[in-house]
Protein chains: 2
Amino acid sequence: MWERAEIFGKSVIMNIVEFAKCLNLSIGTVSRALNDRPDVSPKTRQMVLEKAQELGFARNANARHLVTGRTFLIRLECPYNADVLSDRYLIEMARALEEETHAHNYNLLLRLGRRREGMETEMYSVDGLVVIGAPEVSPDDFNALTRRGRTPAVLIDGPEPSDFPNASHVCVDTQPGVREALQYLADLGHRRVGYIGSGFPGQHVRVRLPELMAEAGLIWDPALAVEAGVTRQEGSEAATRLLQMANPPTAIFARTDVLAFGAIEAAQQLGLSIPGDVSVIGHDNVEIATLVNPPLTTVAIDIPQVAKAAIRALLEMIEQKAAPSIESCGAHLVIRKSCGPPTAAALAVR
Amino acid sequence: MWERAEIFGKSVIMNIVEFAKCLNLSIGTVSRALNDRPDVSPKTRQMVLEKAQELGFARNANARHLVTGRTFLIRLECPYNADVLSDRYLIEMARALEEETHAHNYNLLLRLGRRREGMETEMYSVDGLVVIGAPEVSPDDFNALTRRGRTPAVLIDGPEPSDFPNASHVCVDTQPGVREALQYLADLGHRRVGYIGSGFPGQHVRVRLPELMAEAGLIWDPALAVEAGVTRQEGSEAATRLLQMANPPTAIFARTDVLAFGAIEAAQQLGLSIPGDVSVIGHDNVEIATLVNPPLTTVAIDIPQVAKAAIRALLEMIEQKAAPSIESCGAHLVIRKSCGPPTAAALAVR
DNA sequence: CTGTTAGCGCGTTCAA
DNA sequence: TTGAACGCGCTAACAG
């Protein structure tokens with residue numbers, strides 16, 4: 001059924017030899033015309049292109065890949081299983097990467113789920129690899145993924161660059177966004193800002209929080225920084241603790257949007273309005289952030305920028321055999337409706 | 001840098017000839033061992049496999065594809081641009097399809113954005129195509145996609161099967177889920193159930209609503225069926241109209257979750273509690289359905305089932321040259337917290 | 001069971 | 001500017 005069938009007495013699947021024969025040209029000329037080479041007369045090229053359209057001739061991609069050694073395919077690897085919300089980040093990143101690869105005439109091969117053992121040798125031959133969201137990826141994993149370093153790779157938000165000198169890195173640095181967020185709160189008139197952390201150790205933001213707060217002209221009080229976890233419930237509990245303090249913060253900055261949702265919930269349960277009585281800022285710009293009430297102001301990683309940087313680095317390695325590079329991308333503040341100036345009463349408390 | 005480099009004095013990229021030479025075997029034997037053919041002695045196979053691992057030999061996929069005419073690649077096409085919420089459906093479908101293809105040792109090539117003109121001849125050679133969510137796909141589009149029908153294709157929730165007899169079809173029939181939903185409401189004690197439609201003409205569910213209602217033992221009153229649109233706001237307005245009737249429904253079934261969100265909002269603004277005073281059921285099982293308050297009971301399309309059916313149909317065409325098939329997949333009810341028994345007062349009204 | 005050989009379809013030399 | 005011939009790396013058919 002899908003074989004070299006006959007339609008109207010003509011072989012449907014044509015190779016370049018048969019096609020060239022139809023045009024009374026040699027395959028060399030046809031190939032050059034199709035590849036847009038300069039050494040073909042314009043009208044020959046024109047004719048070849050038209051006839052290809054007319055006869056429905058398309059070159060066999062596999063043969064081209066064999067002879068050129070290129071596939072124009074880039075594979076996206078997500079070595080870890082994420083929950084739904086961080087998936088949102090992955091999905092948006094995948095979309096951005098896909099757009100970027102298409103813009104360069106590459107295709108993106110997606111692998112959302114876990115890698116299966118033993119598929120290494122059966123895996124598709126790709127020109128490059130994007131490994132995303134895998135701070136914990138091991139050298140062994142990396143070797144398996146890249147066929148012992150033979151396939152150019154770029155790691156987004158991956159492990160320490162120094163551990164994988166053969167790969168390019170795009171590091172996501174959220175500090176600019178956090179800085180913006182704190183400055184925004186300060187400009188609104190806040191002085192005491194609470195922080196709800198996600199409990200992960202060694203987060204740059206957490207570590208540099210005192211400094212960042214001070215920089216924005218905010219008060220740094222260790223009692224205002226609590227570690228929660230990842231769920232909305234945990235965010236709610238942490239916010240409740242903060243808001244019931246004798247001298248509560250007038251704004252809360254949560255390490256993730258989900259924690260911020262919990263904080264909003266907690267404030268509302270305590271009878272506080274947002275942003276009237278308390279301001280809340282999240283982090284991640286999760287899709288739902290626009291749909292909660294009030295829509296959440298949040299720190300957003302610039303996903304298109306990260307995708308652009310990653311694909312650029314990868315293509316430089318693929319096409320120009322460039323050495324691996326390291327780039328850092330920032331984040332910025334997305335202002336919606338969960339922040340406002342503190343009330344006079346709240347300010348009076350301290 | 002990524003060339004046939006020398007590491008430890010040995011060529012890193014090895015072809016099957018060089019590999020066979022290392023083993024003192026012929027390439028034929030090596031090929032058969034690697035392909036798991038029966039006509040190789042077990043210990044030869046064993047040796048070949050071990051040595052391949054040890055020397056890091058992997059066959060050139062492109063050469064295999066050329067000679068076998070197969071790539072084990074399936075491309076997913078989404079010909080239309082969807083909004084964020086229906087994207088959610090696409091994304092979940094993509095995940096399910098990806099799992100399914102991997103289970104069969106195929107890879108899924110994703111194309112989330114719009115197709116670009118002129119990429120036809122440059123497109124990757126794939127074994128099959130899944131076209132999703134394109135009821136409006138035209139024969140021309142279809143021909144371009146399938147290289148004039150040469151590439152096996154399956155359409156998920158596509159146009160009338162009769163219009164594309166060369167493709168397999170997986171139709172999504174939500175009626176079983178709707179039936180379940182209505183029965184669930186009836187079992188809770190409801191009699192008067194309102195319906196908020198999305199305004200699309202010719203929806204099977206809408207057309208058969210009287211019948212489905214009657215089947216569940218519910219009252220069919222045309223006044224209780226209103227057409228809204230697609231936004232939350234429209235859902236809210238429609239629900240307000242329903243709930244302000246002299247003899248209002250005790251439950252509302254909305255054609256989409258977004259409309260249901262609007263209905264919940266409307267009820268709450270009217271001072272009605274959910275599910276205390278009014279029950280609400282949605283349709284689509286959008287991600288956010290679990291996050292609203294109360295979590296929304298909704299009709300869910302069985303995405304894994306659809307994906308399974310699609311891949312099965314496609315692989316039958318690819319591997320067994322089977323004729324195109326048509327299959328219908330159902331939906332089911334996901335019970336969360338937006339439904340309860342009607343209040344005695346509400347029942348007394350009628 | 002193993003070795004040998006002929007293509008798969010194309011890009012890319014070299015001559016003409 | 002064009003044509004002829006070689007080879008990319010592999011599978012499959014056939015011969016031993």
Side-chain angles (χ1 to χ4, degrees), chain A residues 2-4 11-49 51-52 55-72 121-125 127 147 150, chain B residues 2-4 11-49 51-52 55-72 121-125 127 147 150:
Chain A
W2 307 103
E3 307 253 271
R4 236 174 234 254
S11 165
V12 167
I13 291 204
M14 213 180 341
N15 61 27
I16 203 172
V17 178
E18 297 164 354
F19 179 59
K21 209 162 286 174
C22 290
L23 309 193
N24 283 322
L25 284 174
S26 72
I27 56 174
T29 304
V30 170
S31 176
R32 281 188 294 264
L34 257 21
N35 283 323
D36 224 28
R37 283 281 148 69
D39 49 355
V40 183
S41 86
K43 52 185 171 235
T44 305
R45 184 204 322 287
Q46 176 75 10
M47 195 264 270
V48 170
L49 261 31
K51 279 289 183 181
L55 300 177
F57 167 71
R59 290 167 293 179
N60 180 318
N62 295 327
R64 306 188 65 211
H65 297 162
L66 171 58
V67 69
T68 59
R70 298 285 310 280
T71 60
F72 290 91
T121 56
E122 295 300 327
M123 275 197 321
Y124 214 82
S125 132
D127 291 345
R147 300 163 52 238
R150 272 178 230 152
Chain B
W2 306 102
E3 307 252 274
R4 232 174 236 254
S11 164
V12 168
I13 291 204
M14 215 182 339
N15 62 26
I16 201 172
V17 178
E18 297 165 355
F19 179 59
K21 209 161 287 173
C22 291
L23 310 193
N24 282 323
L25 283 174
S26 73
I27 57 176
T29 303
V30 170
S31 177
R32 281 188 296 265
L34 257 20
N35 282 321
D36 223 28
R37 284 281 150 69
D39 48 356
V40 181
S41 87
K43 52 185 172 237
T44 305
R45 185 201 324 286
Q46 175 77 10
M47 193 264 270
V48 170
L49 261 33
K51 279 290 183 182
L55 301 176
F57 169 70
R59 291 167 292 178
N60 180 317
N62 295 327
R64 307 189 63 208
H65 297 162
L66 171 59
V67 68
T68 60
R70 297 286 311 281
T71 60
F72 290 92
T121 56
E122 293 302 325
M123 277 198 317
Y124 215 82
S125 134
D127 290 346
R147 298 161 57 237
R150 273 177 229 151

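Keep in mind that the numbers below use all heavy atoms, side chains included, and drop hydrogens, waters and symmetry copies. In what follows, every chain begins at residue 1, and chains take the letters A, B, ... in the order their sequences are listed. In this text, all values refer to a predicted model and were calculated from it rather than measured experimentally.
- B:Arg37 pairs by the side-chain contact (heavy atoms from CB on, under 4.5 Å) definition with B:Arg32, B:Asn35, B:Asp39, not counting sequence neighbours.
- Checked by atom type and distance alone, the side chain of A:Ser31 never pairs as donor or acceptor with a backbone atom of A:Ile27 at under 3.5 Å.
- Taking side-chain N and O atoms only, A:Asn62 has no distance below 4.0 Å to OP1 or OP2 of C:dC10.
- To the nearest angstrom, P of D:dT11 lies 12 Å from CZ of B:Phe19.
- Here B:Ser41 pairs with B:Thr44 under the side chain to side chain donor-acceptor pair (under 3.5 Å) rule; sequence neighbours left out.
- OP1 and OP2 of D:dT11 both lie 4.0 Å or more from every side-chain N or O belonging to B:Thr68.
- In this structure, B:Met14 atom CE and D:dC8 atom C1' are separated by 17 Å, rounded to whole Å.
- Across every non-hydrogen atom of B:Val40 and B:Ala33, the tightest pair is CG2-N, 3.8 Å.
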Please write out the pairs of protein N or O atoms and N or O atoms of nucleotides 2-4 of chain D separated by less than 3.5 Å, giving the distance to one decimal.
unit_1, atom_1, unit_2, atom_2, d
D:dT2, OP1, A:Thr44, OG1, 2.9
D:dT2, OP2, A:Ser41, N, 3.3
D:dG3, OP2, A:Ser26, N, 2.8
D:dG3, OP2, A:Ser26, OG, 3.0
D:dG3, OP2, A:Thr29, OG1, 3.0
D:dG3, N7, A:Arg32, NH2, 3.3
D:dG3, O6, A:Arg32, NH1, 3.3

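- Look at CG on B:Leu66: it is 12 Å from C1' on C:dG11, rounded to the nearest Å.
- Counting to the nearest Å, the P atom of C:dG9 and the NZ atom of A:Lys21 are 13 Å from each other.
- Between A:Phe57 and A:Leu34 the shortest side-chain heavy-atom distance falls below 4.5 Å.
- For the pair A:Leu34 CG and C:dC10 P, the computed distance is 9 Å after rounding to whole Å.
- Applying the side chain to side chain donor-acceptor pair (under 3.5 Å) test to A:Asp127 and every residue at least two apart in sequence or in another chain returns A:Arg70, A:Thr71.
- The overall bend of the helix from C:dC1-D:dG16 to C:dA16-D:dT1, read as the angle between its terminal helix axes built from five base pairs each, is 40° when rounded to 10 degrees.
- Rounded to a whole Å, the CD atom of B:Glu18 is 10 Å from the C1' atom of D:dG9.
- For the OP1/OP2 pair of C:dG11 and a distance below 4.0 Å, the side-chain nitrogens and oxygens of A:Arg70 include no atom meeting the criterion.
- One interatomic measurement links the two molecules: CG of A:Asn15 to C1' of C:dG11, which rounds to 14 Å at whole-angstrom precision.
- At whole-Å resolution of the value, CD1 in A:Ile16 and C1' in C:dG11 are 8 Å apart.
- In this structure, A:Gln46 and A:Leu49 have side chains that are not in contact, with every pair of non-hydrogen atoms separated by 4.5 Å or more.
- Neither OP1 nor OP2 of C:dG9 sits under 4.0 Å from any side-chain N or O of A:Asn60.
- In this structure, the side chains of B:His65 and A:Ser125 stay at 4.5 Å or more apart for every pair of heavy atoms.
- Sequence order on DNA chain C of the closest nucleotides to A:Asn35 and B:Pro38 puts B:Pro38 first from the 5' end.
- Side-chain N/O atoms of B:Arg37 include none lying less than 4.0 angstrom from OP1 or OP2 on C:dT2.
- Side-chain atoms of A:Phe19 and A:Leu25, non-hydrogen and from C-beta on, never get closer than 4.5 Å to each other.
- For B:Val67, there are no side-chain contact (heavy atoms from CB on, under 4.5 Å) partners at least two apart in sequence or on another chain.
- Residue B:Arg64 places at least one side-chain N or O under 4.0 Å from the OP1 or OP2 atom of D:dT11.
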